[in-house]
S.K.: 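Input: one structure, supplied below.
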Amino acid sequence: MDKKPYYITTPIYYPSGNPHIGHCYTTAACDSIARYRRLQGYDVMFLTGTDEHGLKIEQKAKEKGVTPKQYVDEIVEIFKNLWKTMNISYDRYIRTTDDYHVESVQKIFKDLYDKGYIYKGKYVGKYCTPCESFWTDSQLVNGKCPDCGRDVIDASEEAYFFKMSPFADRIEKLLLETDYLQPRTRAVELVNNFIKPGLEDLCVSRTSFTWGIPATFDEKHVVYVWIDALSNYISALGYMNEKYDDFDKFWPADVHMVAKDIMRFHAIIWPAMLMALDLPLPKHLAVHGWITFNGEKMSKSLGNVVDPIVLSERYGADTIRYHILREMALGSDSSFSNEVMIKRINADLANDLGNLVSRTVAMVIKYFDGTLPAEKQSAPEDKELIDMALALRGTVDKLMDETQLNNVLAEIFKVISRANKYIDETAPWVLAKDEANKPRLAAVLYNLLEAIRITTTLLSCFMPSTMPKVWEQTGVTQDMVTYENAGKFGVLPENVTVTKGDIIFPRFDMDTEIEYLNSLLPAPEKKDEDKDKANLTPILDTISIDDFAKIDLRVAEVKQCEKVPKAKKLLKLILDDGFGERQVVSGIAKWYAPEELVGKKIIVVANLAPAKLCGVESQGMIVAADVGEDAKVIFVDKDIPNGSKLR
């Protein structure tokens, strides 16, 4: 009987720099799911790759004095070496510079054009030269670029556009009435911000740079990012090319996994493209958050970029895989902390799992010379451990279907913790004192070995390099490591033989490791005092106390917050200023997600004349500080009443 197909993808990563721990999360998560589906008996296609076109790549290559292809070739090798280190079992690696992908994209672009979904037009608006970005008048903030705050010029560029509006109703139903988006909590936000205001046609070609796939019917245009990048999921299966021939077998995808910053493109643009091509839609889009470092966004200038290669070399790739997958809840951000990582290694891996294996193996060797006798005696206190172990696979199945990988690991470790508690309850060292208790002692140790076998079979999808070492010590042979056996108790032979081995997960000294890890972090970029001062906004001309008295600064609480449609840098905040509600629009979406601000108390310029930003009225301005290239909102103690006046 043919195996049932299963198709899972990571996003294709942009190789403008070296991979980091965020790339590792997405890829390790998909790898764990792919391994679990293989364990279940699926014929799995696991795709990853790199998105290699665009202006940034062209510019970076020029800076290094190499061709764009030479530049991406070097970075791609770094990605592939990392996936080898992390034991990533991808089945196919796609590059958007691959000939077969280029062929597919050109044919897809032409097909959409022939069907009337792509048309030539002109992108007219304001242009920010430093950002190389086009803006409409309504997107400008105080007449300046909403990204960098600098002056803009009038500009236009001939471009092709993809019609989005014909698919709005179907996409809205996809997001609100199906389980396509995981977690579904983000669906309403997408619909309200992008579909309800009216889906704008998408610019899908550029003429201002050449590093891209040329349109076959108009070669001065290169196909712009999303038509090129998103098509990888089907070109990799042979859609509209001769390289592969498994599109009919694997499409539609079972899971696309992406980070939240590209959620919109996969939740709206990608379904629209597929609808236009008359192709089935993917079954699920799993969206995860970002990994920050000690609560701050990772940044080279801050010296807090986490290098996964360095961590893997010191602690083992499986340990890093376990930590990041255990910490990240689907849909939420996760803060990477060296302290938390060391604590989790010591608690979960060394104390719980490692200690369980070493204690159990040591007792079988000590009391039975390494081989358990066939005669065993069960007791009522065995039931809870056995029942938990038998129920585990069903629980894992459900959570895997929901891509809740952190909860999968939590459930597995509940059984591991229960097994450690079982040791304390049964006290094998006491049983060993009386020869008459040997059958009971043998049963206790056998139950522990079976609990280890079941939990490590499931854990092998997450920690594929380390679990075989556990099996070597506990008498588990490869033929026992099956999905079917993970739902059974009593698979090990009655006379199972164990083997003493090395410590699976050594403990680490917290102080030593933190000192070591801190020594590896690059020092933050230092600037001399004069340069620091040069980066500060100059102090304005002196004003009188009467001038200052004209400014009414009030404490206000953020009751609601959402992104402003069609303006990627603006947030709309509903504030309680002590006198009622007011609406304020602020250009801080680059630094704050809406959910981060709800419930916080801020300072608002309450008597500023109302103004419209991107067509949305703003009744005031919130107070923030410029910190380098970032903006930091000034938050106020929660005990200060709303409406309090600053003086």
Side-chain angles (χ1 to χ4, degrees), residues 11-16 49-63 67-69 71-72 94-99 101-137 139-140 145-148 150 152-164 199-232 235 261-262 264-266 268-270 272-273 276-277 566-569:
I12 50 173
Y13 302 115
Y14 197 57
S16 58
T50 33
D51 172 16
E52 302 177 15
H53 291 129
L55 181 60
K56 285 184 182 178
I57 297 292
E58 191 173 79
Q59 290 173 332
K60 284 184 172 289
K62 187 175 181 180
E63 289 170 8
T67 67
K69 185 62 163 58
Y71 176 82
V72 293
I94 188 170
R95 302 178 58 180
T96 55
T97 51
D98 288 336
D99 290 344
H101 175 75
V102 172
E103 178 187 354
S104 290
V105 169
Q106 288 180 323
K107 289 179 177 178
I108 288 169
F109 200 79
K110 181 67 162 56
D111 187 31
L112 293 173
Y113 178 75
D114 290 343
K115 289 178 175 178
Y117 290 118
I118 285 180
Y119 63 93
K120 183 185 281 190
K122 183 170 284 188
Y123 201 109
V124 179
K126 303 296 184 180
Y127 185 71
C128 175
T129 303
C131 293
E132 299 191 7
S133 299
F134 284 95
W135 304 102
T136 63
D137 285 327
Q139 289 174 322
L140 300 178
C145 172
D147 267 359
C148 70
R150 285 175 278 201
V152 294
I153 59 174
D154 292 319
S156 65
E157 179 180 340
E158 182 181 272
Y160 284 92
F161 292 82
F162 174 53
K163 295 178 182 178
M164 295 288 292
L199 273 179
E200 287 192 339
D201 291 348
L202 180 71
C203 179
V204 290
S205 80
R206 296 293 297 273
T207 58
S208 54
F209 60 90
T210 59
W211 181 237
I213 299 173
T216 54
F217 54 89
D218 194 346
E219 293 200 350
K220 70 179 180 180
H221 286 260
V222 296
V223 179
Y224 192 41
V225 56
W226 292 110
I227 297 286
D228 179 0
L230 290 166
S231 296
N232 93 91
S235 68
D261 54 333
I262 55 174
R264 174 169 67 93
F265 307 102
H266 287 77
I268 297 177
I269 296 173
W270 181 223
M273 284 175 57
L277 293 168
K566 308 175 189 177
K568 64 181 181 179
K569 293 304 173 188

S.K.: Hey, is the main chain of T67 close enough, under 3.5 Å, to the side chain of W211 for a donor-acceptor pair?
M.R.: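 It does not hold such a pair.
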S.K.: Do the charged groups of D111 and K115 touch, with an N to O distance under 4.0 Å?
M.R.: yes
S.K.: Using the side chain to side chain contact (heavy atoms under 4.5 Å, CB included) definition, which of the options I57, T97, I12, D98 pairs with E52?
M.R.: T97
S.K.: Are F162 and F109 close enough that some pair of their side-chain heavy atoms sits under 4.5 Å apart?
M.R.: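 Side-chain contact under 4.5 Å: no.
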S.K.: Measuring only between side-chain heavy atoms, which start at C-beta, is Q106 closer than 4.5 Å to P214?
M.R.: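 Contact flag for Q106/P214 side chains = yes.
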S.K.: Going by side chain to side chain contact (heavy atoms under 4.5 Å, CB included), V105 matches just one of T216, D228, N232, L230. Which one?
M.R.: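 Of the listed residues T216, D228, N232, L230, the side chain to side chain contact (heavy atoms under 4.5 Å, CB included) partner of V105 is D228.
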S.K.: Does the side chain of T96 reach to within under 4.5 Å of the side chain of T50, using non-hydrogen atoms?
M.R.: no
S.K.: Take atom CG in D99; do more than 12 heavy atoms of anything else shown fall under 6.0 Å from it?
M.R.: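 Count not over threshold, so no.
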S.K.: Angle class for the F217/Y113 ring planes (parallel below 30°, perpendicular above 60°, tilted otherwise)?
M.R.: parallel
S.K.: More than 12 heavy atoms of other residues, nucleotides or ligands under 6.0 Å from NZ of K120: is that the case?
M.R.: yes
S.K.: For a 4.5 angstrom cut-off between non-hydrogen side-chain atoms, does H53 reach V222?
M.R.: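 The answer is no; the side chains never approach within 4.5 Å.
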S.K.: Are any side-chain N or O atoms of S205 and backbone N or O atoms of Y160, one a donor and one an acceptor, separated by less than 3.5 Å?
M.R.: yes
S.K.: Just to verify, which of K122, K220, R206 counts as forming a salt bridge (charged side-chain N to carboxylate O under 4.0 Å, His left out) with E158?
M.R.: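 Checked K122, K220, R206 against E158; only one passes salt bridge (charged side-chain N to carboxylate O under 4.0 Å, His left out): K220.
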S.K.: Using only atom types and a distance under 3.5 Å, with no angle test, would you say the side chain of D51 pairs donor to acceptor with the backbone of Y13?
M.R.: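 Here the side-chain-to-backbone pair does not exist.
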S.K.: Angle class for the F161/Y119 ring planes (parallel below 30°, perpendicular above 60°, tilted otherwise)?
M.R.: parallel
S.K.: Does the side chain of M273 reach to within under 4.5 Å of the side chain of W226, using non-hydrogen atoms?
M.R.: no
S.K.: Less than 4.5 Å apart, side chain to side chain, heavy atoms only: is that true for F265 and W270?
M.R.: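 No. Closest side-chain heavy atoms not under 4.5 Å.
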S.K.: Enter the distance from L112:CG to I227:CD1 here, rounded to the nearest 0.5 Å.
M.R.: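 These two atoms lie 5.5 Å from each other.
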S.K.: With distance as the sole test, does E157 use its side chain to make a donor-acceptor pair with the main-chain N or O of T207 at under 3.5 Å?
M.R.: yes
